[in-house]
Amino acid sequence: MSMMLKKTLLVSILSTSLVVPMMGCSSTTNSGVVGADRKQLLLVSSEEVLNLANQTYQQTISEARRAGKLDVNASQVTRLKRIANNLIPHTGVYRADAGTWQWQVHAIQSDSVNAYVMPGGKIVFYSGIIEKLNLTDAEIAAIMGHEMAHALREHSREQISRQVATSSVIGIASSALGLSSGQAQLASLAGEVGLSLPHSRTQEAEADKIGLELMARAGYNPNAAVTLWQKMQAQSGGGSPQFLSTHPSSASRIKAMQDLMPTVLPLYQASPKRG
Ligand SMILES: [Zn+2]
């Protein structure tokens, strides 16, 4: 994300927090069978976050297109879109509005083993994660379901809200300590605030379990989420995949998914199986 966008985001967050105080805890989604019912601190509006995310996504896509790296492999893109289209109808379990979102998925040509989502369901897969891990359709569905869950739960909005909560504290500190100290702290906050903030462990665990439910309902064997993480760990021996830097893998994470199998496998068994 460019520094200019970061500053724009910071300014709009600060003005939002001053003008429209939306204090309170609520949940962005229904809980699903996996029980995603954690209450969230949401201090900025979805619209504000979406506007900025859309700008950033468009910029990313345009840059990749100019570099000749956008959707280079037609069959790969078709495959990603087919899997996304199988998953999207099931997002309605979590929130009624998600079926009408402008979901997008693109592939960017890169050796990087990474994938991410931006608020509102704008998904990017780097070709490296598909090719180096030799992903099956079900493993792609596991990554995509996980990324879709971050968007459904508005995890970025929640992260930004935490920054807003911190910035209020900074505001008080700056008036007490004098402007220069406050400015220094704001400058450091501007460096941290962004749509690319790493998600918390709690959010990652939540995305894992929602992802399992989405893939199972769409007809992809949820056990593939486990093999995916095992592949990811094996790959980390020869230079850590970038995906792992924002998604720390651990035995406990795999164990938590295995523990959920009895809950999600019946959904898979009842589905039109696809992988
Ligand atoms: Zn994640």
Side-chain angles (χ1 to χ4, degrees), residues 1 27-29 32 34-36 38 40 49 53 56-57 60 80 83-84 87-88 90-91 94-95 98 101 103-108 110 112-126 128-130 133 135 138-163 192 194-216 218 220 222 224-233 235-236 240-260 264:
M1 167 177 251
S27 179
T28 50
T29 62
V34 294
R38 182 177 57 86
Q40 299 169 281
V49 175
T56 308
Y57 189 74
T60 304
L80 289 174
I83 295 168
L87 290 164
I88 289 165
H90 301 282
T91 58
Y94 286 98
R95 45 191 299 168
W101 285 8
W103 292 92
Q104 283 187 46
V105 56
H106 285 288
I108 294 179
S110 164
S112 176
V113 177
N114 205 6
Y116 64 88
V117 68
M118 296 200 59
K122 309 287 193 263
I123 301 165
V124 169
F125 270 75
Y126 289 107
I129 197 169
I130 302 170
L133 298 183
L135 296 180
E139 288 165 345
I140 290 177
I143 296 173
M144 213 178 274
H146 174 101
E147 296 303 331
M148 286 175 162
H150 281 312
L152 291 168
R153 291 288 289 163
E154 297 189 65
H155 282 158
S156 292
R157 183 178 166 210
E158 198 181 353
Q159 294 287 77
I160 291 167
S161 296
R162 271 193 217 123
Q163 298 281 349
E192 288 168 32
L195 297 168
S196 54
L197 286 172
H199 294 118
S200 68
R201 257 168 208 277
T202 305
Q203 291 178 330
E204 286 303 327
E206 205 166 74
D208 281 346
K209 61 184 185 179
I210 292 175
L212 281 182
E213 178 168 350
L214 287 175
M215 71 186 293
Y220 297 101
V226 173
T227 61
L228 165 74
W229 286 102
Q230 287 165 343
K231 268 188 189 178
M232 203 87 77
Q233 277 183 327
Q235 175 82 8
S236 69
S240 187
Q242 208 180 343
F243 197 72
L244 283 185
S245 68
T246 49
H247 295 81
S249 179
S250 65
S252 66
R253 189 166 188 170
I254 291 174
K255 169 85 167 49
M257 287 192 263
Q258 284 168 329
D259 289 346
L260 271 172
V264 294

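Just so it is clear, the values below take in all heavy atoms, side chains as well, and ignore hydrogens, waters and symmetry mates. Model, not experiment: these values are computed from the prediction. Atoms within each ligand, like the ligands themselves, are counted from 1 in listed order.
E213 has its side chain out of reach of P222: every pair of non-hydrogen atoms, C-beta onward, lies at least 4.5 Å apart. Within the 4.5 Å cutoff, no side-chain heavy atoms of H90 are placed close to those of M148. Under the 4.5 Å side-chain criterion, counting only non-hydrogen atoms from C-beta, E158 is not in contact with T28. Residues T60 and K122 have side chains not in contact (no heavy-atom distance under 4.5 Å, counting atoms from C-beta outward).
R153 and Q40 make their closest contact through O-NE2, 2.7 Å (heavy atoms, listed as atom of the first residue, atom of the second, distance).
Aromatic ring pairs are classed by plane angle as parallel below 30°, tilted from 30° to 60° and perpendicular above 60°; the pair Y126 and Y116 is tilted.
Protein N/O/S atoms closer than 2.8 Å to the Zn ion (ligand 1), listed by chain and residue number, are H146 NE2, H150 NE2, E204 OE1, E204 OE2, H247 NE2.
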